[in-house]
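All remarks here apply to the structure that follows.
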Amino acid sequence: MTDIANKAAPDTARQRESHGIPFGEAVRVWARIAALSFGGPAGQIAVMHRILVDEKRWIGEHRFLHALNYCMLLPGPEAQQLAIYIGWLLHRTAGGLVAGVLFVLPGFLAILGLSYIYAVFGNVTVVEGLFFGLKAAVLAVVVQAVLRIGGRALKNKVMIGIAAAAFVAIFFFRIPFPLIILAAGVLGYAGARSGSPYFRIGGGHKGGTGPVLKDEDSALGEDIPAHARPNLSWSLRISGVLLALWLVPLALLVVFLGSDNVFSQIGLFFSQMAVVTFGGAYAVLAYVAQEAVQQYGWLKPGEMLDGLGMAETTPGPLIMVVQFVGFMGAYRDPGALNPLTAATLGAMLTTWVTFVPCFLWIFLGAPFIERLRNNVALTGAMSAITAAVVGVILNLAVWFGLHTLFAEVESWKLGPFALDVPVLQSLVLPSLLLTIAAGVAILRFRASVIATLLGCALAGMAWTIAST
């Protein structure tokens, strides 16, 4: 892989001749972006835009949004893939690798440290209180995500109908998330091809305020760099290497440990997630939580919220919550290994199979993305998928709310119909009060997510200590 990166990346002198951005400076900038990547994809994209477009003026507004729109069509965390895309656009393969790895590394180390504390000291009163408070705040954050994404995506009655259908499908009938996304994408693609105006909705984020930096005024310019032009030979070579790095370890785990081993299960399950995580972390977390709790027994219902609280309070993509899931799964089924050793390996394996495919998707398709500008059919598919994601995130909010606000939840089933119903007498009043306070802080007073999470964590610790 190093050879391919070296062949694809020009030397420093050529880099400076083309756009004047030294590779070393780019590495420092990507490290800075990674350290500031809090607040979910919206915050992370805003940080990238502010630094790369407004401050450094390395890439123009139109090209930034064009890259973002098509990263949103891919499975996986859109913000990290956007970093890979722009890193590759600026400094070829080496640039994409550095940008993508640095985007994940700070969050991986932070969540790993918090997972150690959770596993070892989870029954300590202070730690219990911290995560008790985080659960309430995270519920408010998820509700905010429903409102924010819904406000952007549900612009007409067709989009509202798609969101409602997605919610009913996953909440009442347990239809798998990938099937919902596939159906929405097909519907949007067909609707846009038919010329329906209901599907002509852009999928991009706002790029900020102030004067717009034109592509021709940026360091990169408006022309397509030579390495960004479609090159099937390069795409196949780099993709072959990444595919091997992703799938060969999985094959070895299954062959030597068996498909029932916890490491094989973690590798296979999160590899599947890497293929179907359209629409960002919130969209797939309900599915991950249900499988991790109900099928594999890696987590207890409330623990998924604990992990999401970690991901919300650390830099990096929110999908890194799956690292916590892999950590706890291996910790509880370590086999012959020390539990913390197994947990560390589980976290590393989960992170590997989650993010290696992100590099694959970008390096395989990036040279062809520029040719997809103004593709009406793909825009329609993106619009419908985003609308379906709103319904799925609403399901996540309801599911999290039930398990955060009530100590007991019963499941009612009748044929394909299923419904989780809370036991009203099991209402956890402190959780309700903290959730309301977090919601008021975020939605009414526009408090930052980090400040709200920290405030609720402190309140949770104080309440737990006082009640013991």
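Below, each value reflects all heavy atoms present in this structure, side chains not excepted, and no hydrogens, waters or symmetry copies. We number each residue from 1, following the sequence as shown.
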Practice item. Test side chain to side chain contact (heavy atoms under 4.5 Å, CB included) on Arg63 and Leu220 and set out the steps. Key: CA-CA 10 Å; Arg63 177 166 269 161; Leu220 187 61; 3.3 Å; yes
**Study point:** Worked verdict on Phe132 versus Trp463 for ring-ring contact (aromatic ring centres under 6.0 Å, His included)
**Key:** CA-CA 9 Å; Phe132 175 83; Trp463 179 85; 5.1 Å; yes
Exercise for review: Starting from the C-alpha separation in whole Å, work towards a yes-or-no answer on side chain to side chain contact (heavy atoms under 4.5 Å, CB included) for Met304 and Val288.
Suggested key: CA-CA 9 Å; Met304 189 67 181; Val288 172; 3.9 Å; yes
Practice item. Apply side chain to side chain contact (heavy atoms under 4.5 Å, CB included) to Val325 and Thr350, showing your working. Key: CA-CA 8 Å; Val325 178; Thr350 304; over 6 Å; no
Practice item. Give the C-alpha distance, both sets of side-chain angles, the deciding distance and a yes or no for side chain to side chain contact (heavy atoms under 4.5 Å, CB included) between Leu419 and Ser411. Key: CA-CA 6 Å; Leu419 180 64; Ser411 294; over 6 Å; no
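For Ser196 (side chain) and Ala192 (main-chain N/O), no donor-acceptor pair under 3.5 Å exists by modelled atom type. No donor-acceptor distance shorter than 3.5 angstrom exists from the side chain of Trp361 to the backbone of Gly76, with no hydrogens or angles considered. With hydrogens and angles ignored, the 3.5 Å screen pairs a side-chain donor or acceptor of Gln80 with a backbone N or O of Gly100. Using modelled atom types, one side-chain atom of Ser426 and one backbone atom of Glu408 make a donor-acceptor pair closer than 3.5 Å. Without hydrogens or angle criteria, Asn395 side chain to Phe167 main chain gives no donor-acceptor distance under 3.5 Å. Using a distance-only test at 3.5 Å, with no hydrogens or angles considered, no donor-acceptor pair links the side chain of Glu410 to the main chain of Asp420. Looking at Thr404, its side chain never comes within 3.5 Å of a backbone N or O of Gly401 through a donor-acceptor pair.
Between Val428 and Leu432, the closest side-chain pair of non-hydrogen atoms is not below 4.5 Å. Side-chain contact between Ile238 and Leu360 is absent, with no heavy atoms from C-beta onward closer than 4.5 Å. The shortest distance between side-chain heavy atoms of Phe406 and Leu424 falls below 4.5 Å. Residues Leu52 and Trp30 form a side-chain contact, since some pair of their non-hydrogen atoms from C-beta on lies under 4.5 Å apart. Val275 has its side chain out of reach of Pro357: every pair of non-hydrogen atoms, C-beta onward, lies at least 4.5 Å apart. Counting heavy atoms from C-beta outward, Ser431 and Lys135 have side chains that stay 4.5 Å or more apart. Side-chain contact between Val322 and Met273 is absent, with no heavy atoms from C-beta onward closer than 4.5 Å. With contacts defined as side-chain heavy-atom distances shorter than 4.5 Å, the pair Thr435/Leu405 qualifies.
Ring-centre distance between Phe355 and Phe103: not below the 6.0 Å cut-off.
A salt bridge between Glu303 and Arg332 is present, with a side-chain N of the basic residue lying under 4.0 Å from a carboxylate O of the acidic one. Between Arg32 and Glu55, at least one side-chain nitrogen of the basic residue sits less than 4.0 Å from a carboxylate oxygen of the acidic one, meeting the salt-bridge criterion.
Scanning both residues, Gly185 and Ala381, for their nearest heavy atoms gives O-CB, 3.6 Å. Summarising the geometry of Ala67 relative to Leu82, their closest heavy-atom pair is CB-CD1, 3.8 Å, with the distance given to 0.1 Å. For the residue pair Pro249 and Ala244, the shortest heavy atom distance occurs at CD-O, 3.5 Å. Contact between Pro106 and Pro315 at its shortest, heavy atoms only, is CB-CG, 3.8 Å. Here the shortest heavy-atom pairing between Ala384 and Ala184 reads CB-O, 3.1 Å. Residues Phe324 and Leu299 approach most closely at CE2-CD2, 4.0 Å, considering heavy atoms.
Here Phe263 contributes atom CZ and Leu349 contributes atom CG; the two are 7.5 Å apart, rounded to the nearest 0.5 Å. Remark: Leu429 CG to Leu434 CG distance equals 10.0 Å, nearest 0.5 Å. A distance of 10.0 Å separates CD in Gln81 from CZ in Phe359, rounded to the nearest 0.5 Å. Note that the CD1 atom of Ile385 and the CG atom of Leu182 stand 8.5 Å from one another [nearest 0.5 Å]. For the atom pair OG1 (Thr314) and CG (Leu114), the distance works out to 7.0 Å, reported to the nearest 0.5 Å. Rounded to the nearest 0.5 Å, atoms CD1 (Ile175) and CD1 (Ile170) are 9.0 Å apart.
Paired with Leu245 under the rule side-chain contact (heavy atoms from CB on, under 4.5 Å), one option of Leu247, Val248, Val241, Leu243 passes, and it is Val241.
Using cut-offs of 30° and 60° for the angle between ring planes, the Phe172 and Phe417 rings count as parallel. Ring-plane geometry between Trp298 and Tyr296 is classed as parallel, the angle between the planes falling under 30 degrees on a 0 to 90 degree scale with a further cut at 60. Using a 30° and 60° split on the angle between ring planes, Trp234 and Phe363 fall in the perpendicular class, above 60°.
A donor atom on one side chain and an acceptor atom on the other are found under 3.5 Å apart for Trp246 and Ser271.
Within 6.0 Å of CG in Leu414 there are 12 or fewer heavy atoms belonging to other residues, nucleotides or ligands. Counting non-hydrogen atoms of neighbouring residues, nucleotides and ligands closer than 6.0 angstrom, the CZ atom of Arg174 exceeds 12 such neighbours. At most 12 heavy atoms of other shown residues, nucleotides or ligands fall within 6.0 angstrom of atom OH in Tyr189.
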